[in-house]
Amino acid sequence: MILVTGGAGYVGSHLVMALLEAGKDVIVFDSLELGHIEIIDILKKYGNLKFVQGNLKNLDDIRGVFLVNKIEAVVHFAAYSQVAESVQNPQKYYYNNVYGTLNLLNAMLEFGVNKIVFSSTAATYGEPVYTPIDENHPQNPINPYGNSKLMVERIMDDYDKAYGLKSVRLRYFNVAGADSKSRIGEWHNPETHLIPNVLKATPDKKFKMFGTDYGTKDGTCVRDYINVEDLAVAHIKALEYLQNGGDTNYINLGTNEGNSVKEVFAACEEVKGVSIPLEICSRRAGDPATLVADNKKAKEVLNWIPQKDLTDCIETAYQWEKVLKRSSK
Ligand code: UDP
């Protein structure tokens, strides 16, 4: 059985769908603070899925999962991930993302489970020194969120050296899109991400474009948008890599392509076929001008090549927005 922490959340749920469709037995552990039970109910239709509600901050919650289930490997998504919130409330981030992960790792050691795929982030690199960013780029996070993820990466290195716990840290760039059959998708409250915010905009609640004075091709920030279904495939390949005896590793997940906020906005207008209400605003604190992945290592180590482009991301996100709107969530 594969244990997926945070499997009721955005990225985690897409991995769970892919695992179930590949015939794997899955157990999701999620506090449901940010994840949704409705997503679990949908996922249950697609295979053998067990759900446990619990919090990683309670060691007994996660020990209980290992005590009564035969876990082969863990994929660990459960975390807070809002940069601005992490600056205002670092305690929340370190307590949950670091202490919570320590409880998970310690339970793994106690029950002899030694394989974990971890959701890391491009935020561990901090302000880019060069672009595209490869895995040897210095890691100097500029906010507590990035720090919390880097601390876990370091802990995983030490746990490998001392206890032989093997990890693959997947450093995501900008995850986007939804399930191509619109069964599940991104569902945050409040939503902070670019594509859903552009798609949701109305004349009363215009899309706010944060900063048009960056030193980029059109003055707006450039990001590398990686499709959530492609990302799920990379996690399955990372699990296979560990199950085939692969050593601890760290790998970027991105497309090698950058798109500006203005380009994303225009692509959303194209997909919706209407003009979207827009308000130009000042820069959002903590946004680097450009973040683009060098994704060669993912090809070399995992044989993973992203298949979907920005339009796929926007089209699937748009279909999912309609589902959410219909159910008024
Ligand atoms: N952005 C924006 N308006 C929004 C949300 C995001 O202009 O309502 C911009 C943001 O400033 C950044 C880019 O879109 O330059 C991507 O932001 P997002 O929050 O989606 O991801 P991040 O890069 O912060 O992980």
Side-chain angles (χ1 to χ4, degrees), residues 9-11 34 77 79-88 93 97 119-128 131-133 137 139 141-150 170-178 185-228 231 252-255 257-269 272 276-293 310 313-314 316-318 320-321:
Y10 171 42
V11 183
L34 301 173
F77 295 95
Y80 294 128
S81 61
Q82 304 274 333
V83 168
E85 184 189 51
S86 79
V87 175
Q88 283 151 11
Y93 277 69
N97 295 6
S119 295
S120 189
T121 167
T124 62
Y125 294 118
E127 195 66 48
T131 188
I133 297 173
H137 187 286
Q139 286 182 291
I142 53 171
N143 52 61
Y145 167 63
N147 275 326
S148 72
K149 291 284 182 173
L150 181 57
L170 297 174
R171 297 179 186 153
Y172 311 158
F173 282 65
N174 286 57
V175 188
E186 187 164 11
W187 182 1
H188 295 124
N189 235 331
E191 186 53 74
T192 60
H193 290 129
L194 175 63
I195 293 173
N197 276 354
V198 176
L199 294 171
K200 275 185 213 302
T202 61
D204 293 340
K205 222 173 156 241
K206 293 182 182 151
F207 166 67
K208 291 183 160 61
M209 188 178 277
F210 298 134
T212 52
D213 58 348
Y214 287 93
T216 56
K217 48 187 164 186
D218 60 20
T220 61
C221 287
V222 171
R223 295 286 181 275
D224 183 335
Y225 294 91
I226 174 70
N227 181 276
V228 70
L231 206 78
N252 286 342
L253 295 182
T255 65
E257 302 267 333
N259 284 104
S260 71
V261 174
K262 279 187 181 164
E263 286 170 345
V264 172
F265 182 81
C268 288
E269 286 193 320
K272 279 188 92 168
I276 295 174
L278 167 67
E279 182 184 338
I280 306 285
C281 300
S282 50
R283 292 181 179 196
R284 189 174 70 175
D287 277 340
T290 300
L291 281 176
V292 177
L310 181 65
C313 291
I314 295 172
T316 53
Y318 182 42
W320 171 247
E321 282 303 323

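Everything quoted here is computed from the prediction, not taken from an experiment. Every number for a ligand or one of its atoms is a count from 1 in the order of the listing.
Residues forming a side-chain hydrogen bond (donor to acceptor under 3.5 Å, both in side chains) with E263 (at least two apart in sequence, or on another chain): K217, N259.
Side-chain contact between E321 and K200 is present, with at least one heavy-atom pair separated by less than 4.5 Å.
Using modelled atom types and a 3.5 Å distance limit, the side chains of Q82 and Y93 yield no donor-acceptor pair. For Y172 and S119, the side-chain atoms include at least one donor-acceptor pair closer than 3.5 Å.
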Quiz item: Checking side-chain hydrogen bond (donor to acceptor under 3.5 Å, both in side chains) for the pair D218/T220: CA distance, chi angles, key distance, verdict?
Solution: CA-CA 6 Å; D218 60 20; T220 61; 2.7 Å; yes
Quiz item: Are Y214 and V261 close enough, and set up right, to give a side-chain contact (heavy atoms from CB on, under 4.5 Å), and what steps lead you there?
Solution: CA-CA 11 Å; Y214 287 93; V261 174; over 6 Å; no
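Within 4.0 Å of ligand 1, contacts by protein heavy atoms are made from N174, T192, H193, L194, N197, F207, K208, M209, F210, C221, R223, Y225, V261, R284, D287.
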